[in-house]
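Accompanying notes for the structure given below.
These values consider heavy atoms only, across backbone and side chains, with no hydrogens, waters or symmetry-generated copies.
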Amino acid sequence: MEENQIIHKHFTLRNNLGYDINGDIRYKFASVEKPVIIICHSFMAFKDWGFFPYVAKVFAEAGYVSVIFNFLFNGVVGNDNRITDFDNFRKNTFSQEIDDLQSVIDYIWEGQIGQGIIDRTRIVLLGHSRGGGIVLLQTSRDDRIKGLISWSTIATFDRWTKHQKEEWKELGYLPLGKDLAISPLKLGIDLLNDVELNRDKLDLTKAASNIKIPWLIIHGRADVIVPYSEAEILYKVSNHSMTDLKLLDKVGHLYNAASQDEDNYETLRKIINLTLRWLKFKIK
């Protein structure tokens, strides 16, 4: 096997509810164990959506092991590349996503994923948007994590108006489109209950104040989905001796990379290169 060849394997693990979580591991062949970057996808995305496979591949090319997985209730069946299980999607909660990530980390820590390949003493979490909130919470409570990377990350999970919440409670779900025949995706009532009943557990600013390891926050100033002010909120309460904040002009939420056609991943590569330079100095 050639030394620079990227090895890409699918894996399936059983989470604490007894359901299967599907993921991918990518790495270059080597005789030494390498740091692992666990990537958490954003809302209405999945491991094979948009730029995520490219990001996972580039990190592997740079000498890291990349692991990316589908959250249990993201609506994707197996290794499909679209959301088709709308009932599954409706069951999702933030607490469940935290549990899913915990399962992946546990499997890595126990050597059931990447044994002989992954250096378990150098686990790094990377999340985009809502996935960034999940990795932030996990890092704040898990001393196995040695580096945290936030791309366009939210500063709160509570993102709905009073009117939306009233409709949500009345219907038992919140539609994500005006016409369910065209867009059948719904947020289930369990998600709203999770937000309202677990405010302390899901408090991202509280979690940010508890981060004691190297943390990189990257956010675009042109982000209209998650304003860059949310990055500033997280940075304000963080340990500034351990945290680096990078605000980028003329950069939006998806880095012109929902598809490669937008700018041939030029903006995305800038984000990745910033991240790789940071990793080189922070994760020894």
Could you pull out every donor-acceptor pair under 3.5 Å between side chains of residues 46-54 and any protein atom, sequence neighbours left out?
unit_1: Lys47; atom_1: NZ; unit_2: Asp24; atom_2: OD2; d: 2.7
unit_1: Lys47; atom_1: NZ; unit_2: Asn79; atom_2: OD1; d: 2.9

Taking only distance into account, with no hydrogens and no angle test, what donor-acceptor pairs under 3.5 Å do side-chain atoms of residues 254-261 form with protein atoms, sequence neighbours excluded?
unit_1: Tyr255; atom_1: OH; unit_2: Ser152; atom_2: OG; d: 2.6
unit_1: Asn256; atom_1: ND2; unit_2: Thr267; atom_2: OG1; d: 3.2
unit_1: Gln260; atom_1: NE2; unit_2: Asn264; atom_2: OD1; d: 3.2

List the atom pairs, donor and acceptor, that lie under 3.5 Å between side-chain atoms in residues 71-78 and the rest of the protein, sequence neighbours left out.
unit_1: Asn74; atom_1: OD1; unit_2: Val76; atom_2: N; d: 3.0
unit_1: Asn74; atom_1: ND2; unit_2: His41; atom_2: NE2; d: 3.3
unit_1: Asn74; atom_1: ND2; unit_2: Asn70; atom_2: OD1; d: 3.3

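Residues forming a side chain to side chain contact (heavy atoms under 4.5 Å, CB included) with Asp244 (at least two apart in sequence, or on another chain): Leu216, Trp278, Lys282. Applying the ring-ring contact (aromatic ring centres under 6.0 Å, His included) criterion to Tyr235, with sequence neighbours excluded, gives His240. Contacts of Trp160 classified as ring-ring contact (aromatic ring centres under 6.0 Å, His included), with partners at least two apart in sequence or in another chain: Trp168. Every residue was checked against the ring-ring contact (aromatic ring centres under 6.0 Å, His included) condition with Phe89, not counting sequence neighbours, and none meets it. Applying the ring-ring contact (aromatic ring centres under 6.0 Å, His included) rule to Tyr107 yields no partners; only residues at least two apart in sequence or on another chain are considered. Annotation: side chain to side chain contact (heavy atoms under 4.5 Å, CB included) contacts of Lys206 (sequence neighbours excluded): Asp200, Asp203, Asn210.
Between Leu148 and Val135, some side-chain heavy-atom pair lies under the 4.5 Å cut-off.
Remark: side-chain polar atoms of Ser140 are not paired, donor with acceptor, to backbone N or O of Ala207 under 3.5 angstrom. Between the Asn198 side chain and the Lys201 main chain, no donor and acceptor come within less than 3.5 Å of each other.
Among residues at least two apart or in separate chains, salt bridge (Lys or Arg N to Asp or Glu O under 4.0 Å) pairs with a member in residues 61-70 are Lys57-Glu61. Listed by first and then second residue, the salt bridge (Lys or Arg N to Asp or Glu O under 4.0 Å) pairs that reach into residues 208-229 are Arg221-Asp249, sequence neighbours excluded. For residues 186-234, no pair satisfies ring-ring contact (aromatic ring centres under 6.0 Å, His included), with sequence neighbours left out.
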Check the pair Asp85 / Lys91 against salt bridge (Lys or Arg N to Asp or Glu O under 4.0 Å), numbers first and verdict last. CA-CA 10 Å; Asp85 191 338; Lys91 297 175 184 176; over 6 Å; no
